[in-house]
Amino acid sequence: MTQKRLLSASDVAELFGVDAKAVRKWVDEGLLAAGRTLGGGHGHGHLRFEPAVVAAALTRQGLSVPHDLRQAVLRAAEGEPVDPSTGAV
């Protein structure tokens with residue numbers, strides 16, 4: 001089974017140069033799409049973000065998309081398998 005490498009709220013916050021609380025607020029306001037893991041605190045899972053969604057949001061804000069994120073987007077688009085234990089291709 002192929003699994004995608006998803007980004008955490010902390011990963012996204014680092015890319016945007018903000019606190020993870022800001023990222024959670026963007027999700028709550030519908031400004032950034034995210035999925036959730038099962039479990040987690042407060043009865044709802046942890047946020048997880050598709051690399052392509054994050055790359056598009058960075059581009060919309062006029063920020064550069066890091067090389068490794070661009071590569072993750074390309075690998076996902078090509079359907080390249082990912083090792084679920086490490087997220088590595």
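Each residue takes its place number in the sequence, starting with 1.
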For residues A34 and L47, report the shortest heavy-atom separation together with the two atoms involved.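 Looking at all heavy atoms of both residues, the shortest contact is CB-CD2, 4.0 Å.
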
How close do S64 and P66 get, heavy atom to heavy atom, and via which atoms?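 Here S64 and P66 meet closest at O-CD, 3.5 Å.
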
Applying a strict under-4.5 Å side-chain criterion to I, L, V, M, F, W and Y, I'd like to know whether V65 and L6 cluster together.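 Looking at the clustering, L6 is in a separate group from V65.
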
Starting from V73, can I reach F16 by hopping between I/L/V/M/F/W/Y residues whose side chains sit under 4.5 Å apart?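 The answer is no; the residues belong to distinct hydrophobic clusters.
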
State, yes or no, whether a side-chain contact exists between L58 and L69 at a heavy-atom distance under 4.5 Å.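 They are in side-chain contact.
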
Would you check if V27 and R24 make a side-chain contact, meaning some heavy-atom pair closer than 4.5 Å?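 Side chain of V27 against side chain of R24, heavy atoms only: no contact under 4.5 Å found.
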
Give the C-alpha distance, both sets of side-chain angles, the deciding distance and a yes or no for side chain to side chain contact (heavy atoms under 4.5 Å, CB included) between V18 and V12. CA-CA 9 Å; V18 299; V12 175; over 6 Å; no

Show, in sequence, the C-alpha distance, side-chain angles and deciding distance for L32 and F49, and conclude whether the side chain to side chain contact (heavy atoms under 4.5 Å, CB included) test is met. CA-CA 9 Å; L32 191 59; F49 300 84; 3.7 Å; yes

Show me the pairs that pass side-chain hydrogen bond (donor to acceptor under 3.5 Å, both in side chains) and involve residues 9-23, at least two apart or across chains.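 Listed by first then second residue: S8-D11.
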
Quick one: does T37's side chain have a donor or acceptor within less than 3.5 Å of a partner on G45's backbone?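 Checking the backbone N and O of G45 against the side chain of T37, no donor-acceptor pair under 3.5 Å is found.
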
Between CZ of R5 and CZ of R48, what distance do you get to the nearest 0.5 Å?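 So the gap between those two atoms works out to 9.0 Å.
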
Could you tell me the separation between the CG atom of L15 and the CG atom of L7, rounded to the nearest 0.5 Å?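 So the CG of L15 and the CG of L7 are separated by 7.0 Å.
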
